Amino acid sequence: MFELNEEQNLIQKSIHQFAKKELAPRASHWDASEEFPWESVKKMAEVGLTGLRLPKVYGGAEADLVTAGIAIEEVARFDHNCAVILCGSNITGRVLLFASEKIKSTFLPEIAKGRYILAFGAAEPDAGSDLRAMKAVAKLQEDAWIVNGEKAMVTFARVAHGFIILVRTEIEEREGISCLFVESDRPGIDIQRLQGFGWRATSWGNVAFNEVRVPIENLIGEKGNALFMLKETVQEQRALTGLIALGTARQALEEAVNYAKIRRVFGKPLGKFEGIQFRLAEDHTSLEAARLLCYQALSLIEKKTEDASVWAAMANLIGGETAYRVVNNAMDVYGGLGYSRELPFERHLRDVKAMQIANATLKIEIGKGLFGKEFLPCA
Ligand SMILES: Cc1cc2nc3c(=O)[nH]c(=O)nc-3n(C[C@H](O)[C@H](O)[C@H](O)COP(=O)(O)OP(=O)(O)OC[C@H]3O[C@@H](n4cnc5c(N)ncnc54)[C@H](O)[C@@H]3O)c2cc1C
């Protein structure tokens with residue numbers, strides 16, 4: 001069964017200290033100002049976090065998935081948005097490993113240094129859970145792809161230096177989806193701001209592509225094979241995102257326990273009342289169970305086991321659900337003050353809510369493991 005080794009324990013401690021000292025003090029500022037936290041990204045890059053999962057040859061640390069999970073979870077305790085950025089640079093960055101050597105050697109070292117932000121555009125206004133309904137298209141015209149279409153709800157859209165987008169390269173219904181790398185300064189790209197409930201420092205937006213000319217060599221992987229190629233990327237992203245939510249919730253729970261020890265009501269500390277103790281004990285239990293599930297998922301994804309996709313979906317599902325409940329209860333422990341913007345719980349609640357959106361695709365994946373592919377409600 002899953003257990004952290006000595007080295008991973010040390011990494012956990014050092015990233016905990018780093019994030020608490022360097023990231024926590026500015027977390028609420030980035031959320032309130034909705035600015036992209038470049039200053040924090042620089043700090044994360046200095047300690048090697050932005051290149052954690054990238055190969056050493058491109059300036060990364062080549063860390064295994066569990067180690068990446070530990071790092072991302074610790075960062076999420078102190079700045080949820082920074083953890084989302086780390087997940088993005090390390091996971092989306094790895095998609096470029098399927099690209100040409102020229103693209104890899106030009107952009108991966110920049111991503112590892114935290115100087116290049118890559119966004120991932122899959123969803124569209126009419127294709128979210130049902131990705132195969134996407135309409136964005138790339139047509140080959142002599143030596144270039146001509147891209148037309150819109151990508152919706154793209155994290156980092158407004159600061160990204162480049163986009164990895166999914167586009168249709170075949171006319172056949174629901175098939176023929178390919179992956180393209182598009183630099184954001186290409187003519188014909190229009191980016192619109194989207195204001196989020198949480199994830200406010202992630203420069204969310206919609207990106208329209210109008211006759212955008214992209215070099216033929218910017219195709220990533222084989223034409224028409226994107227969804228298969230990105231299978232593991234999706235698994236990694238799901239399990240790590242579960243841990244981002246849980247990292248934030250873990251911090252909230254620890255703070256609530258400490259507060260319950262000092263806040264006095266009816267002549268004694270709040271924590272002496274079983275109504276509070278039992279609720280926090282249940283939260284602690286479900287939080288630890290969910291964390292273990294996420295780490296187990298990461299370890300199975302690393303081993304490329306057949307059931308890894310089901311574990312990744314379970315990790316994401318339980319991560320989001322548990323985190324939301326735990327943060328909500330932590331907020332309650334603080335009473336009226338918990339609801340105020342003086343404390344971070346309303347920010348935490350808005351941030352972890354993102355992981356509860358669009359759970360249907362996770363349940364479909366888990367259902368596939370339980371019932372078999374022939375029972376899939378949506379092919
Ligand atoms: C904070 C945030 C960041 C995001 N960042 C990105 C990004 O960087 N790149 C990107 O491509 N996308 C991004 N997205 C978009 C995300 O991928 C979509 O929201 C998601 O795929 C769901 O699509 P949708 O919003 O169109 O919802 P829909 O597909 O319209 O679904 C609406 C609701 O119906 C439910 N549902 C769907 N199908 C079924 C079913 N068969 N049975 C029952 N219920 C169902 C869904 O769970 C959802 O609750 C982001 C979204 C959020 C909230």
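When reading the values below, keep in mind they use all heavy atoms of this one structure, side chains included, and skip hydrogens, waters and symmetry mates. Atoms within a ligand are numbered from 1 in the order they appear, just like the ligands themselves. Keep in mind that this is a model prediction, so the values were computed, not measured.
- Considering backbone and side-chain atoms together, Ala127 places no N or O closer than 3.5 Å to any N or O of ligand 1.
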Phe107 vs His161, ring pair (Phe, Tyr, Trp, His ring centres under 6.0 Å): CA-CA, chis, key distance, verdict: CA-CA 10 Å; Phe107 299 104; His161 302 89; 9.6 Å; no
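- On a distance-only criterion, Val154 and ligand 1 share no N/O pair closer than 3.5 Å.
- Comparing Ala358, Ala133, Gly128, Ala152 against atom 24 (P) of ligand 1, the shortest heavy-atom distance belongs to Gly128.
- Counting heavy atoms only, Met153 comes closest to atom 7 (C) of ligand 1 of the residues Met153, Met355, Gln237.
- Taking the ring axis of Phe273 as reference, the NZ or CZ atom of Lys268 stays within 45° of it and closer than 6.0 Å to the ring centre.
- Atom CD of Glu306 sits in a sparse spot, with 12 or fewer heavy atoms from other residues, nucleotides or ligands closer than 6.0 Å.
- Atoms CD1 and CE, from Ile85 and Met44 in turn, are 5.5 Å apart once rounded to the nearest 0.5 Å.
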Working for salt bridge (charged side-chain N to carboxylate O under 4.0 Å, His left out), residues Arg26 and Asp79: CA-CA 8 Å; Arg26 299 284 276 160; Asp79 190 331; over 6 Å; no
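- No more than 12 heavy atoms of other residues, nucleotides or ligands shown are found within 6.0 angstrom of CD on Glu342.
- Distances between N or O atoms of Ile364 and those of ligand 1 include no value under 3.5 Å.
- Residue Trp199 has no N or O atom closer than 3.5 Å to an N or O atom of ligand 1.
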Side chain to side chain donor-acceptor pair (under 3.5 Å) evaluation trace for Glu365 with Ser309: CA-CA 7 Å; Glu365 189 67 41; Ser309 61; 3.1 Å; yes
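- Taking a cut-off of under 4.0 Å to the non-hydrogen atoms of Asn359, the atoms of ligand 1 that pass are 47 (O).
- Within ligand 1, the atoms closer than 4.0 Å to a non-hydrogen atom of Ala122 are 10 (C), 11 (O), numbered from 1 in the order shown.
- The shell of residues lying under 4.0 angstrom from ligand 1, judged by heavy atoms, includes Trp204.
- Residue contacts with ligand 1 for Thr202 are absent, since no atom lies close enough (heavy atoms, distance under 4.0 Å).
- Using a cut-off of 4.0 Å between Lys/Arg side-chain N and Asp/Glu carboxylate O, Arg53 and Asp64 are scored as not salt-bridged.
- Taking the six-membered ring where the residue is Trp, Trp199 and His80 present tilted rings, their angle falling between 30° and 60°.
- At a 3.5 angstrom cut-off on N or O pairs, Ala360 counts as close to ligand 1.
- The distance from ligand 1 to the heavy atoms of Phe120 drops below 4.0 Å at these ligand atoms: 7 (C), 8 (O), 9 (N), 10 (C), 11 (O).
- Taking distance alone, with nitrogen or oxygen atoms compared against 3.5 Å, Glu124 stays at or beyond that limit from ligand 1.
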